Amino acid sequence: MLIITRRVSQSFIIVPDPGLDPATPIGELFQQGPIKVLVAQVHGTRVKLSIDADERLLILREELCERGS
């Protein structure tokens, strides 16, 4: 589980881990259930999200992806 804080207009992305075999069936990533996003806390303009997903999926703040491009 990952806890991430976002503000208005900020986002995050979910992508396969680069080390994941591209031949992996998508259903395999959901064997333990769907991706679950829980709003854990709201404080002013900030929202704290709890994200539970298969560990072979990367959950990244979008600004980190833009920086690497």
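Because the structure is a prediction, the values reported are computed rather than measured.
No continuous path of hydrophobic side-chain contacts links Leu57 to Leu38 [ILVMFWY only; heavy atoms under 4.5 Å]. Under the 4.5 Å side-chain contact rule for hydrophobic residues, Phe30 and Ile51 share a cluster. Connection of Val15 to Leu29 is not established within any shared hydrophobic cluster, with ILVMFWY side chains joined at heavy-atom distances below 4.5 Å, either directly or through further cluster members. In this structure, Leu49 is not a member of the same hydrophobic cluster as Leu60, with clusters built from ILVMFWY side-chain heavy atoms closer than 4.5 Å. Ile3 is not connected to Leu58 by any chain of hydrophobic side-chain contacts under 4.5 Å among Ile, Leu, Val, Met, Phe, Trp and Tyr, and they are in different clusters.
Nearest heavy atom pair, residue Asp21 against residue Thr24, reads O-OG1, 2.7 Å.
Note on residues 30-53: no pairs pass salt bridge (Lys or Arg N to Asp or Glu O under 4.0 Å), not counting sequence neighbours.
Going from atom CG of Asp54 over to atom CD1 of Ile14 covers 11.5 Å, rounded to the nearest 0.5 Å. Atom CD of residue Gln41 and atom OG1 of residue Thr5 lie 7.5 Å apart, to the nearest 0.5 angstrom.
Using a cut-off of 4.0 Å between Lys/Arg side-chain N and Asp/Glu carboxylate O, Arg7 and Glu62 are scored as not salt-bridged.
Checked by atom type and distance alone, the side chain of Arg6 pairs as donor or acceptor with a backbone atom of Ser11 at under 3.5 Å.
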